[in-house]
Amino acid sequence: MLDPQLLRTELEVTAKKLAERGYDLDVAGWQKLEQARKTIQVETEALQNKRTTISKSIGQAKAKGDDIQPLLDEVAQIGEQLESSKKALKDILTDMDKVILYTPNLADESVPLGKDEADNVEVRKWGEPGTFDFTVKDHVELGEVNRGLDAESAANLSGSRFTLLTGEVAQMHRALAQLMLDMHTEKHGYREYYVPYLVNAETMKGSGQLPKFADDAFITEDERYLIPTAEVPLTNLVADAIIDEADLPIKLTAHTPCFRREAGSYGKDTKGMIRQHQFDKVEMVQIVHPDDSFSALEEMTGHAEAILQALELPYRTIVLCTGDMGFSATKTYDLEVWLPAQNTYREISSCSNCVDFQARRMQARYRSAGAKKPQLVHTLNGSGLAVGRTLIAVMENYQQADGSIKVPTVLQKYMNGKTHINQPE
RNA sequence: GGAGAGAUGGCAGAGCGGUUGAAUGCACCGGUCUUGAAAACCGGCAUACGUUAAUAGCGUAUCCAGGGUUCGAAUCCCUGUCUCUCCGCCA
C-alpha cells in the first residue's frame with residue numbers, strides 16, 4: 001500500500017502519477033472521507049479519554065469510600081455517544097482501507113510512460129537467434145516427437161491448461177530447476193527455502209495479491225490459497241519483523257509450483273505449455289535497505305539473465321512502461337527469451353522493485369543504530385526463471401533436424417551426462 | 001480424530017476487575033568509576049495511529065485474534081487461531 005501520508009499531503013500529484021499507470025483515483029471521494037475521518041476520529045478519541053478519566057476516578061472514589069453515584073450518572077451519558085461515534089469511525093476507516101488496499105504502487109521516475117505492452121522499452125539484447133536449415137517445430141510437436149509432453153492425458157486428468165511431462169523431457173524440466181537453484185545459492189548469494197504451497201489470506205494480502213486479485217488465485221475450502229508464486233511465502237517471511245540493519249540484504253530463493261486461475265486470459269496461448277494453471281518457477285526475493293533497492297533490482301535482473309546466458313538462450317531485457325506494470329511494483333524488468341517457432345521473444349522472467357509498498361502492508365521493518373524508529377524495508381522479487389517456459393525455450397532453440405534435442409552443456413551434469421534427448425540410434 | 005495445558009514487552013517471567021503500557025531479571029543504550037576492560041552503581045529502553053511545523057508535547061489503541069459482560073478488562077464469559085503433552089492414525 002501507498003503511504004497514507006502521501007494521500008493526505010500530496011493528493012493531486014499522487015492521483016496524477018496513478019493516472020499514468022492507468023489507475024483512476026477518486027480524488028473528491030477520498031477528500032470527503034479524509035475530512036470526515038479527521039472530525040470523527042478526534043471526537044471519538046476525546047470521548048474515549050473522558051470516559052477513561054471518569055472511570056479512573058470511580059476507582060479512586062470507591063477506594064476512599066466516597067459516593068460514586070454522581071460519577072456513574074456522568075459516565076452513563078457518554079456511553080451511547082461513544083458507541084455511535086466509534087461505529088461511524090469504523091465505517092469510514094473501512095471505506096478508506098478499501099480504497100488504499102486497491103490502489104497500486106507509484107511508478108519510479110525512470111519508468112517510461114505508456115499505456116500497455118506496446119510501450120515497453122527494450123534495454124538490451126543478448127545472443128543471436130539461431131538459424132535452422134530445416135523447418136522448426138514448436139515445443140508441442142517436439143514434445144510429441146520425444147514422447148515427453150502429453151497434453152491429452154493432462155486434460156483428461158485435470159482439464160485445460162495443464163501439462164504432463166514424461167521421460168527425458170520431465171528429467172530436463174527437473175534438471176533446469178536444479179541448475180537455477182544451484183546458481184542462485186552458490187554464485188548469487190541466495191539462501192534456499194522450501195516453503196508451504198498453501199498460504200492464508202493475510203499472507204496473500206501482504207504481498208499484494210489480495211484483496212484486489214482474489215479471482216486470479218485458487219482457494220481451498222478452508223480458505224487457504226494456492227500460491228501463485230513463491231514470492232508470496234518468501235516475501236512474507238519478514239512480515240511483522242524488525243530486522244537488524246546489519247542483516248540486510250536478505251536474499252531468498254525457492255523452487256515451487258505456481259498456481260493461477262488465468263481468469264480473463266481465455267483464448268490466449270491455448271496451445272502448449274506457455275500459459276498453465278500450474279507451472280514451476282524458481283523465485284528470487286530480496287529484502288533490502290531502502291537506499292539499495294534500485295541497485296538490487298539491477299543485480300537481481302542480472303541473476304536471472306545469468307541463467308539464460310548459462311543456457312546460451314538468446315533474450316532481450318525490457319523495462320515495463322507505467323501502464324504494463326504489476327500492482328505492487330515501482331519498476332519492473334522483463335526478460336524475454338527467443339522462441340524460434342513463434343519467431344518472437346516471449347516473457348520468461350519478471351524482476352520488480354516494490355520499494356516499501358509490500359513492506360508497509362506486511363509491517364516489515366529494520367532498525368538502524370542511529371534512527372529512533374524502525375524503518376520500512378524495501379522488497380524485490382524476480383523469477384529466476386519460469387521453469388516450464390525455460391524448458392520450452394531449450395527444446396525449441398536446441399532442436400535438431402530429426403526432432404531430437406541437444407542438451408545445453410551446462411545442463412548435462414544434471415542429466416547424467418546426456419548430450420541429447422531422444423537421439424536416434 | 002480423542003483428552004488435557006497454555007499464548008503477557010527483544011528474551012525469561014509476575015500480575016488474574018480499578019490510578020497497569022504493564023513488577024522483576026537478562027539483553028541493549030548512555031553515564032559515574034577505571035590507564036583500558038570487567039564488576040559495581042545511576043539513568044534510559046515497545047509499537048502503531050491521530051493531532052502538530054515537529055522524530056516536542058498531548059491523545060487513542062495494543063498483554064494471540066474477534067466478539068461480549070462492566071462505569072472500568074491483561075485480568076471474567078463466548079468463538080476462532082496457534083503452541084505444547086498424552087493416546088490414536090499416518091509419509
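Letters A, B, ... mirror the listed sequences (proteins, then strands); counts begin at 1.
- Nucleotides rA65(B) and rA74(B) are separated by 14 Å at their C1' atoms, to the nearest Å.
- With a cut-off of 3.5 Å on both pairing distances, rA38(B) has no Watson-Crick or G-U wobble partner at all.
- At rG72(B), none of the side-chain N or O atoms of Lys50(A) fall inside 4.0 Å of OP1 or OP2 (strictly under the cut-off).
- rU24(B) and rG15(B): their P atoms are spaced 15 Å apart (whole Å).
- Taking the centre of each ring, Phe327(A) and Phe213(A) come in below the 6.0 Å mark.
- Here the separation of rA12(B) from rC90(B), taken at their P atoms, is 36 Å to the nearest Å.
- Nucleotides rA48(B) and rG6(B) place their P atoms 33 Å apart, quoted to the nearest Å.
- Aromatic ring centres of Phe259(A) and His277(A): separated by at least 6.0 Å.
- Taking the C1' atom of each, rU20(B) and rA14(B) are spaced 12 Å apart, rounded to whole Å.
- Taking the P atoms as reference points, rA56(B) lies 14 Å from rC49(B), given to the whole Å.
- One C1' atom belongs to rC29(B), the other to rG67(B), and the distance between them is 41 Å to the nearest Å.
- Under the 3.5 Å distance criterion, with hydrogens and angles disregarded, a donor-acceptor pair is assigned to the side chains of Lys418(A) and Gln171(A).
- Pair check for rA54(B) finds none; no Watson-Crick or G-U wobble contact set falls under 3.5 Å.
- Lys212(A) forms no cation-pi arrangement with Tyr102(A), by the criterion of a distance under 6.0 Å to the ring centre and an angle within 45° of the ring axis.
- No engagement by Arg360(A) is indicated, since no non-hydrogen atom pair under 4.0 Å with the nucleic acid exists.
- Counting heavy atoms from C-beta on, the side chains of Ser207(A) and Asn236(A) come closer than 4.5 Å.
- Taking the six-membered ring wherever Trp is involved, the centroid distance between the rings of Phe294(A) and His378(A) does not fall below 6.0 Å.
- Using N1 to N3 plus N6-O4 or O6-N4 for Watson-Crick, or N1-O2 and O6-N3 for G-U wobble, each under 3.5 Å, rU83(B) pairs with rA5(B).
- In this structure rU20(B) sits in no base pair that meets the Watson-Crick or G-U test at under 3.5 Å.
- Comparing Glu45(A) and Ile242(A) by the nucleotide of RNA chain B that holds the closest heavy atom to each, the one mapping nearer the 5' end is Ile242(A).
- When rounded to the nearest whole Å, the span between CG of Asp244(A) and P of rC29(B) equals 11 Å.
- If you take NZ of Lys38(A) and C1' of rU52(B), they are 9 Å apart, rounded to a whole angstrom.
- Between the CD atom of Glu74(A) and the C1' atom of rG72(B) there is a distance of 14 Å, given to the nearest Å.
- Phosphate proximity of rG50(B) to Arg8(A): present, with a side-chain N or O under 4.0 Å from OP1 or OP2.
- Using P as the reference atom, rG30(B) and rC86(B) are 46 Å apart when rounded to the nearest Å.
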B/S/- contact track for nucleotides 12-23 of chain B, protein heavy atom under 4.0 Å:
------BB----
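- For rG50(B), the OP1/OP2 oxygens have no side-chain nitrogen or oxygen of Arg37(A) closer than 4.0 Å.
- At a cut-off of 3.5 Å, with distance as the only test, no side-chain donor of Glu312(A) or Tyr398(A) sits close to an acceptor on the other residue.
- Spacing between atom CD of Glu202(A) and atom P of rG66(B) amounts to 11 Å, rounded to whole angstrom units.
- The side chain of Pro374(A) approaches rU47(B) more closely than any other nucleotide in the set rG50(B), rU47(B), rC71(B).
- Atom CE of Met362(A) and atom C1' of rA48(B) are 17 Å apart (whole Å).
- rA91(B): no Watson-Crick or G-U partner with both key distances under 3.5 Å is found in any strand.
- Between the CG atom of Leu89(A) and the P atom of rG59(B) there is a distance of 19 Å, given to the nearest Å.
- Nucleotides of RNA chain B nearest to Lys90(A) and Val75(A) differ in position, and the one nearer the 5' end is that of Lys90(A).
- The shortest distance between side-chain heavy atoms of Lys115(A) and Cys321(A) does not fall below 4.5 Å.
- Distance from the side chain of Arg365(A) is smallest to rA48(B) among rG50(B), rU51(B), rA48(B).
- For Gln48(A), taking side-chain heavy atoms from C-beta onward, the closest of the listed nucleotides rA61(B), rA48(B), rG50(B) is rA61(B).
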Please assess Arg361(A) against Leu101(A) for the test side chain to side chain contact (heavy atoms under 4.5 Å, CB included), listing each intermediate value before the final yes or no.
CA-CA 9 Å; Arg361(A) 286 175 165 239; Leu101(A) 283 175; 3.9 Å; yes
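- Considering only side-chain atoms of Asn49(A), the nucleotide from rC71(B), rG59(B), rU47(B) that sits closest is rG59(B).
- With a 4.5 Å cut-off on side-chain heavy atoms, Glu299(A) and Lys251(A) count as touching.
- rG43(B) is paired with rC29(B) under the Watson-Crick or G-U wobble criterion, all donor-acceptor distances under 3.5 Å.
- Across every strand in view, rA48(B) sits in a pair with rU60(B) that passes the Watson-Crick or G-U test at under 3.5 angstrom.
- Pairing for rG72(B) is absent, judged as Watson-Crick or G-U wobble with the two contacts each under 3.5 Å.
- Between the P atom of rG66(B) and the NZ atom of Lys86(A) lies a distance of 13 Å, rounded to the nearest Å.
- Atom-to-atom, CD of Gln41(A) to P of rA48(B) comes out at 16 Å; the value is rounded to the nearest Å.
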